[in-house]
Protein chains: 2
Amino acid sequence: MDGDTRTAIRDVALELFSTKGFEQTSLREIAERVGLTKASLYYHYSSKQDLLLSIVDPLIAGWRQIAEDVEELARSRESVRLVLGRCLDVMLANRAVALIFMQDPAGLVAAASAVWEDLVEQGQRLNTWLAGPDSSTAQRLRAMAAFEVIRSALGASIYLGEVDDDEMRAVLLDAAMAVLDQR
Amino acid sequence: MDGDTRTAIRDVALELFSTKGFEQTSLREIAERVGLTKASLYYHYSSKQDLLLSIVDPLIAGWRQIAEDVEELARSRESVRLVLGRCLDVMLANRAVALIFMQDPAGLVAAASAVWEDLVEQGQRLNTWLAGPDSSTAQRLRAMAAFEVIRSALGASIYLGEVDDDEMRAVLLDAAMAVLDQR
DNA sequence: GTCTATAGTGGGATAGAC
DNA sequence: GTCTATCCCACTATAGAC
């Protein structure tokens with residue numbers, strides 16, 4: 001009955017991965033904080049990569065869901081706003097996990113290239129949809145920029161201190177839409 | 001008369017750091033590509049960190065210059081656009097270097113925390129100026145988002161393939177201004 | 001489930017010959 | 001300036017006792 005230890009490990013790892021980066025966090029340090037030895041971790045997770053994947057999974061899932069739903073969604077100004085809002089929500093709901101990807105992309109590619117490539121692919125599907133039928137370079141640039149605006153929610157807590165999520169949501173969504181509206 | 005070897009090392013290191021990440025690049029690999037042994041690198045650079053700093057220097061300098069100039073610049077719509085344009089130019093002129101910071105922030109913090117903290121500080125000075133006298137949370141969020149729009153220029157070459165720099169400059173500047181104009 | 005002990009690898013860095 | 005040889009260390013991961 002020790003799903004407890006397993007989640008304790010997961011929680012500590014999440015915190016360290018998201019603050020120090022994946023490569024910069026050693027299993028020794030994780031074990032120490034949980035109050036175990038390094039070896040014991042391997043009873044619960046078969047490798048460092050396994051631990052990473054189990055942490056990263058919910059974000060990937062939410063992400064893929066959006067990318068899939070979007071394909072059968074008529075593109076209108078409102079639906080675009082809705083989709084961007086969902087992106088924001090998924091990111092905020094998995095804030096710490098998302099931070100891992102920002103802290104050490106290179107480390108993630110090295111440790112789990114499949115996950116990374118998956119993420120990139122979903123991102124491109126979304127970008128294509130966001131850009132819309134007018135797939136000029138300019139419009140694809142705007143779609144990318146709009147998405148960066150959404151993604152900046154992750155940096156806010158770091159660079160701006162405590163920010164109310166609802167206010168941030170409103171401001172960033174408006175900003176992203178303003179970017180896409182430029183034609 | 002071997003400033004040549006020194007720059008050859010620098011060039012190879014820059015390419016590897018910016019594509020694979022700083023931590024993921026070993027001195028062995030750099031040496032191999034240059035056609036030297038690991039030990040020989042140490043004749044030219046006293047450490048891996050030394051090598052990194054010499055590579056990263058021009059970007060930091062350009063950056064700091066902007067942050068300094070800005071402080072004695074009256075804030076108007078035109079001057080804001082000018083400053084954002086300079087930010088974009090510095091980033092494009094040091095594209096590969098800037099990519100290092102995106103590939104592996106955590107690794108950079110670990111290897112050269114002083115540089116990173118410096119960068120963050122300059123960024124905050126700039127953000128404050130960009131946000132302007134109305135320093136509401138919303139306006140600071142917009143300043144951050146606008147800056148992310150500019151920064152997205154770095155991802156463009158990766159995710160969108162070849163993009164004309166002039167067009168990108170125009171599109172992203174307009175987009176960033178649109179974000180700041182939201183009130 | 002957790003431990004001690006250790007294998008095995010690869011990294012940054014140094015010594016000293018040439 | 002470049003080499004060979006080596007040191008030292010930290011890490012992931014495994015073996016096997018309890």
Side-chain angles (χ1 to χ4, degrees), chain A residues 1-56 100 103-104 106-116, chain B residues 1-56 100 103-104 106-116:
Chain A
M1 181 77 13
D2 242 293
D4 261 9
T5 305
R6 207 181 136 88
T7 67
I9 294 171
R10 209 205 76 112
D11 289 349
V12 169
L14 174 54
E15 160 147 16
L16 291 176
F17 287 169
S18 63
T19 53
K20 300 187 34 173
F22 176 70
E23 289 279 348
Q24 273 66 38
T25 303
S26 70
L27 296 181
R28 185 193 52 72
E29 190 175 357
I30 296 172
E32 217 162 61
R33 288 227 200 172
V34 178
L36 289 176
T37 61
K38 230 177 10 167
S40 303
L41 295 190
Y42 282 91
Y43 175 83
H44 300 277
Y45 295 93
S46 66
S47 67
K48 194 185 181 186
Q49 192 206 34
D50 181 33
L51 177 54
L52 172 68
L53 292 181
S54 104
I55 287 176
V56 129
I100 301 180
Q103 282 286 346
D104 187 7
L108 281 190
V109 172
S113 57
V115 166
W116 184 261
Chain B
M1 179 85 3
D2 242 293
D4 263 9
T5 304
R6 207 181 136 88
T7 67
I9 294 171
R10 210 205 75 112
D11 288 350
V12 169
L14 173 54
E15 161 148 16
L16 290 176
F17 287 168
S18 64
T19 54
K20 300 186 36 174
F22 176 71
E23 289 278 350
Q24 273 65 37
T25 303
S26 69
L27 295 181
R28 186 194 52 71
E29 190 177 356
I30 296 173
E32 218 161 60
R33 288 225 199 172
V34 177
L36 288 176
T37 61
K38 225 178 15 164
S40 301
L41 295 189
Y42 283 89
Y43 176 82
H44 300 279
Y45 295 92
S46 66
S47 68
K48 194 184 182 186
Q49 190 206 36
D50 182 33
L51 177 54
L52 172 68
L53 292 181
S54 104
I55 286 175
V56 129
I100 301 180
Q103 283 286 346
D104 186 8
L108 281 190
V109 172
S113 57
V115 166
W116 185 262

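Predicted, not measured: the structure shown is a model, and the values here were computed from it.
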Subject >> Inter- and intrachain pairs under side-chain hydrogen bond (donor to acceptor under 3.5 Å, both in side chains), touching residues 14-26 of chain B, at least two apart >> reply: A/E23-B/Q24, A/Q24-B/E23, B/K20-B/E29
Original post:
Quick one: ring pair (Phe, Tyr, Trp, His ring centres under 6.0 Å) pairs with a partner in residues 18-39 of chain B, sequence neighbours left out?
Top reply: B/F17-B/F22
Subject >> Toward the 5' end of DNA chain D, by each residue's nearest nucleotide, A/Q24 or A/S46 >> reply: A/Q24
Pairs of donor and acceptor atoms involving the side chains of residues 34-44 of chain B, under 3.5 Å and at least two apart or interchain, shall be tabulated with distances.
| residue | atom | partner | partner atom | Å |
| --- | --- | --- | --- | --- |
| B/T37 | OG1 | B/S40 | OG | 3.1 |

Original post:
By side-chain hydrogen bond (donor to acceptor under 3.5 Å, both in side chains), which residues pair with A/Q49, not counting sequence neighbours?
Top reply: none
Subject >> Nearest-angstrom distance from the residue atom CZ of B/F22 to C1' of C/dG12 >> reply: 10 Å
Original post:
What parts of residues 25-41 of chain B reach DNA chain D, counting only heavy atoms under 4.0 Å away?
Top reply: B/L36, B/T37, B/A39, B/S40
Subject >> Gap between atoms CD and P, on A/E23 and D/dT12 respectively (whole Å) >> reply: 9 Å
Subject >> Close side-chain approach of B/V115 to B/L108, heavy-atom, < 4.5 Å >> reply: no
Original post:
Are any of B/Y43's side-chain N or O atoms less than 4.0 Å away from OP1 or OP2 of D/dG1?
Top reply: yes
Original post:
Counting only side-chain N and O atoms of A/S47, is one of them less than 4.0 Å from OP1 or OP2 of D/dT14?
Top reply: no
**OP:** Scan residues 7-19 of chain A against DNA chain D and write down, sorted by residue number, each residue with any heavy atom closer than 4.0 Å; if none is found, say none.
**Re:** none
**OP:** To the nearest Å, give me how far apart OH (B/Y45) and C1' (C/dG12) are.
**Re:** 17 Å
Original post:
Sequence neighbours excluded, which residues qualify as side chain to side chain contact (heavy atoms under 4.5 Å, CB included) partners of A/D11?
Top reply: none
Original post:
Is the distance from OP1 or OP2 of D/dA13 to the nearest side-chain N or O of A/Y42 less than 4.0 Å?
Top reply: yes
**OP:** Taking side-chain hydrogen bond (donor to acceptor under 3.5 Å, both in side chains) as the test, write out the residues that go with A/T5, two or more places apart.
**Re:** A/D2
Subject >> Partner residues of B/R33 under the side-chain hydrogen bond (donor to acceptor under 3.5 Å, both in side chains) criterion, sequence neighbours left out >> reply: none
